[in-house]
Asks: 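Sharing a structure here in structure tokens format.
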Amino acid sequence: MATLPEITAPSEPVSVALIGTGQRSRTIYAPLFESLSPWIRLAAVCDPVRDHADALAAQLGVPAFYDIFELVKAQPMEAALIVTPVPSHHSISVYLSSQGVHNLTETPWCSMVAQARQMIEVARENDVVVRVAENFFRFPIDRIVKEIQKTGLLGAIRRVVSYNDHTGYHNNSRWIVFAGMHPQAVQGIEHDIPTAAFRSSPVRYHDHETYRAHFISFPDNLLVVDHASNVKGFLGRHSRPGYTEWQGERGTIVYAARNGWHGEGEVRYCSDEALSTGRGAHDQTFEIVDEVGNGGWTRTYVDLPSGRAEYVNPFRPTRLSQHFLPYYSAPIMGHIVDFAQAVRGLQPSEFDEEDALMSLMMEAGTRESVLNGGVVITLPLTGDLTSDQLARNALQAQFGVDPMDIEAMLSISYPKS
């Protein structure tokens, strides 16, 4: 786990192909390519859905490919951004790596720990960089929490309690980055209840709800309690980004949802006087401020008794992604720049392939714990996993082929990409 690298542009941008031209590529990635030009040069797009590929290719002024084999045969690129459905990630990544093409894959990285291990193995055999496009730890609150932690104002922060944010792969990555190390063990419980039936969309029907609680143990006595019942806020549940506390020795960083997905944060601090006469109640509160300008999120800061803690966002795109969160473009640029720097060997990645694998192991480990009555599961995981076999069976039932069969999975078209 590296520290935040400097934002250094290579002498020559990395030529990339965009694989998958669905909604996320069109609305989130495409608007940023102009601003990313010091780091990457878009060379092609590829999607079996010809209308999608042709439309985005015309918009971006690059050739369109409809078959990944034809793309690799022509190889107008040295790297690829994979923005396709999760079941396709493993096969595309392994194939590209086997052909010497660096690749950055959207989250979650893949469906099984065995797949992630193979993605790393084949990449290393071919001297290829593989990364996951993880961006949640690049959000403003996580950036400023790290800066507050550095001040030491709250003493050691050894417990994080998060409710209804994003229990799973994204949050696992957040906790790895916050801790600056990998966890030692996980434990999980689940609880299902029936609910009033409703549809959140024409194709999404709900008549039950699963609560998941993950207990994640890190070295230095850091415990993360990450739990959720319904992160979409259905049925009156607390909506995302939920409610999270970073609990220190003499205070707490609090972040809570306000008006849907938007969150507000503050630092609650106990002065010496409060500790001696206030029965432990905090007597000082400091607002965490997010600044937004024409280029989206510019900085986040909080004025503390020890001085200002601040994170200045280095990315100011000329065009913002089409996303309702004003800061969302910066994290996307962040993981693409990180990838380009890794390909050029300029900086170690802030979140590398071993971190990506551990986030997946944390998810698989909590599933193993649930399957075994809530026992503690030691990390890193080794051997064959029941959770992997269940995922493999489900994918095989869905697609009719073994999900570990690269050629068979590459033959499948994913129209929602």
Asks: I need the Ile216 CD1 to Met362 CE distance, nearest 0.5 Å.
Replies: 4.0 Å

Asks: Salt bridge between Glu249 and Arg159, side-chain N to carboxylate O under 4.0 Å?
Replies: no

Asks: Would you call Arg237 and Glu209 a salt bridge, taking side-chain N to carboxylate O under 4.0 Å as the test?
Replies: yes

Asks: Output, in order, the C-alpha distance, side-chain angles, deciding distance and verdict of salt bridge (charged side-chain N to carboxylate O under 4.0 Å, His left out) for Glu190 and Arg367.
Replies: CA-CA 9 Å; Glu190 290 185 0; Arg367 184 61 181 153; 3.6 Å; yes

Asks: Got a donor-acceptor contact below 3.5 angstrom from the His89 side chain to the Trp109 backbone?
Replies: yes

Asks: Heavy-atom distance under 4.5 Å between the side chains of Met119 and Val94, does that happen here?
Replies: yes

Asks: Using a 6.0 Å cut-off, check whether atom CD of Glu34 has over 12 heavy atoms from anything other than its own residue.
Replies: no

Asks: Is a donor from one side chain sitting under 3.5 angstrom from an acceptor on the other, for Asp226 and Thr167?
Replies: yes

Asks: Can you check side-chain contact (heavy atoms from CB on, under 4.5 Å) on Leu304 and Val267, steps first, answer last?
Replies: CA-CA 8 Å; Leu304 304 171; Val267 179; 4.1 Å; yes

Asks: Report, as yes or no, whether the 6.0 Å neighbourhood of atom CG on Asp192 holds more than 12 heavy atoms from other residues, nucleotides or ligands.
Replies: yes

Asks: Looking at Tyr269 versus His282, is the centre-to-centre ring distance below 6.0 Å?
Replies: no

Asks: Would you indicate whether Arg199, at its atom CZ, is surrounded by more than 12 heavy atoms from other residues, nucleotides or ligands within a distance under 6.0 Å?
Replies: yes

Asks: For Ser91, enumerate each residue passing the side chain to side chain donor-acceptor pair (under 3.5 Å) test, keeping only those at least two apart in sequence or located in another chain.
Replies: none

Asks: Ignoring hydrogens and angles, tell me if any N or O in the side chain of Ser15 forms a donor-acceptor pair with the backbone of Ala43 under 3.5 Å.
Replies: no

Asks: Evaluate Gln247 against Arg158 for side-chain contact (heavy atoms from CB on, under 4.5 Å), listing each step before the verdict.
Replies: CA-CA 7 Å; Gln247 299 175 352; Arg158 291 200 171 94; over 6 Å; no

Asks: Hey, are Arg41 and Glu78 close enough for a salt bridge, meaning a charged N less than 4.0 Å from a carboxylate O?
Replies: no

Asks: Are the side chain of Lys232 and the backbone of Ser239 linked by a donor-acceptor contact shorter than 3.5 Å?
Replies: no

Asks: Whether Arg24 and Glu106 form a salt bridge (side-chain N of Lys/Arg under 4.0 Å from carboxylate O of Asp/Glu) is what I want to check.
Replies: yes

Asks: What residues form a salt bridge (charged side-chain N to carboxylate O under 4.0 Å, His left out) with Asp142, not counting sequence neighbours?
Replies: Arg174

Asks: Looking only at heavy atoms, what is the nearest atom pair of Leu154 and Gly251, with distance?
Replies: CD2-CA, 3.8 Å

Asks: If you draw the axis of the six-membered ring of Tyr301, does the NZ or CZ of Arg308 fall within 45° of it and under 6.0 Å from the ring centre?
Replies: yes

Asks: With a 4.0 Å cut-off, would you call Arg250 and Asp272 a salt bridge?
Replies: yes

Asks: Quick one: are Ile19 and Leu96 in side-chain contact, heavy atoms under 4.5 Å?
Replies: yes

Asks: Measure the spacing between CG of Leu71 and CD of Gln99 and express it to the nearest 0.5 Å.
Replies: 11.0 Å

Asks: Just checking, is any N or O donor in the side chain of Thr21 or Asp47 under 3.5 Å from an acceptor N or O on the other one?
Replies: yes

Asks: Find out whether Tyr328 and Phe139 are in side-chain contact, i.e. whether some heavy atom of one side chain is under 4.5 Å from a heavy atom of the other.
Replies: yes

Asks: Taking the side chain as C-beta and beyond, is there a heavy-atom pair between Phe137 and Ile176 under 4.5 Å?
Replies: no

Asks: Does Leu153 form a side-chain contact (heavy atoms from CB on, under 4.5 Å) with Ile148? I'd like the steps, not just the answer.
Replies: CA-CA 7 Å; Leu153 179 74; Ile148 296 168; 5.7 Å; no

Asks: Give a yes or no on whether the backbone of Met404 and the side-chain of Arg392 come within a donor-acceptor separation of less than 3.5 Å.
Replies: no

Asks: Mind checking the OG-CD1 spacing from Ser88 to Ile82? Nearest 0.5 Å is all I need.
Replies: 7.5 Å

Asks: Any chance you could lay out the side-chain hydrogen bond (donor to acceptor under 3.5 Å, both in side chains) test for Ser97 and Asn126, step after step, and finish with the verdict?
Replies: CA-CA 7 Å; Ser97 293; Asn126 292 276; over 6 Å; no

Asks: For residues Glu134 and His170, is any side-chain donor paired with an opposing acceptor at under 3.5 Å?
Replies: yes

Asks: Under a 4.0 Å N-O cut-off, is there an ion pair linking Glu266 with Arg258?
Replies: no

Asks: Please round to the nearest 0.5 Å and tell me the distance separating atom CD of Glu245 and atom OH of Tyr163.
Replies: 14.0 Å

Asks: Between Tyr211 and His191, does the ring centre distance come in under 6.0 Å?
Replies: no

Asks: Ignoring hydrogens and angles, tell me if any N or O in the side chain of Asn103 forms a donor-acceptor pair with the backbone of Val101 under 3.5 Å.
Replies: yes

Asks: Below 30° counts as parallel, above 60° as perpendicular, anything between as tilted: where do the rings of Phe315 and Trp39 land?
Replies: perpendicular

Asks: Are a donor atom and an acceptor atom from the side chains of Ser173 and Asp355 found within less than 3.5 Å of each other?
Replies: no

Asks: Could you tell me if the side chain of Ser162 sits less than 4.5 Å from the side chain of Val224, heavy atoms only?
Replies: no

Asks: The criterion is salt bridge (charged side-chain N to carboxylate O under 4.0 Å, His left out); which residues satisfy it with Glu354, sequence neighbours excluded?
Replies: Arg124

Asks: If we only count heavy atoms from C-beta on, is the Tyr327 to Asn313 side-chain gap below 4.5 Å?
Replies: no

Asks: Between the side chain of Ser93 and the main-chain N/O of His90, is any donor-acceptor distance below 3.5 Å?
Replies: no

Asks: May I ask you to say whether Arg131 pairs ionically with Glu350, meaning some side-chain N is under 4.0 Å from a carboxylate O?
Replies: no

Asks: Step through it carefully: locate the ring centre of Tyr311, locate the ring centre of Trp297, and say whether they are under 6.0 Å apart.
Replies: yes

Asks: Nearest 0.5 Å please: distance from the CZ atom of Arg299 over to the CD1 atom of Ile144.
Replies: 10.0 Å

Asks: Evaluate Val292 against Thr298 for side-chain contact (heavy atoms from CB on, under 4.5 Å), listing each step before the verdict.
Replies: CA-CA 5 Å; Val292 177; Thr298 56; 5.9 Å; no

Asks: If we ignore hydrogens and angles and just use 3.5 Å, is the side chain of Asn135 paired with the main-chain N or O of His335 as donor and acceptor?
Replies: no

Asks: Got Val161 and Trp246 here, is their nearest side-chain heavy-atom distance under 4.5 Å?
Replies: no

Asks: Hey, could you give me the CD1/CZ distance between Ile253 and Arg268, rounded to the nearest 0.5 Å?
Replies: 11.5 Å

Asks: Considering all heavy atoms of both residues, which atom of Ala116 and which atom of Cys110 are nearest to each other, and what is their separation?
Replies: N-SG, 3.4 Å

Asks: Please examine the side chains of Leu379 and Met358, heavy atoms only from C-beta on, and report whether any two atoms are closer than 4.5 Å.
Replies: yes

Asks: Are the side chain of Ser369 and the backbone of Gly188 linked by a donor-acceptor contact shorter than 3.5 Å?
Replies: yes

Asks: Donor-acceptor check, side chain of Ser35 to backbone of Thr318, threshold 3.5 angstrom: yes or no?
Replies: yes

Asks: State yes or no: are the ring centers of Tyr243 and Tyr255 separated by less than 6.0 Å?
Replies: no

Asks: Tell me yes or no: between the side chains of Thr27 and His323, is some donor less than 3.5 Å from an acceptor?
Replies: no

Asks: Tell me whether Asp388 contacts the main-chain N or O of Ala114 through its side chain, where contact means a donor paired with an acceptor under 3.5 Å.
Replies: yes

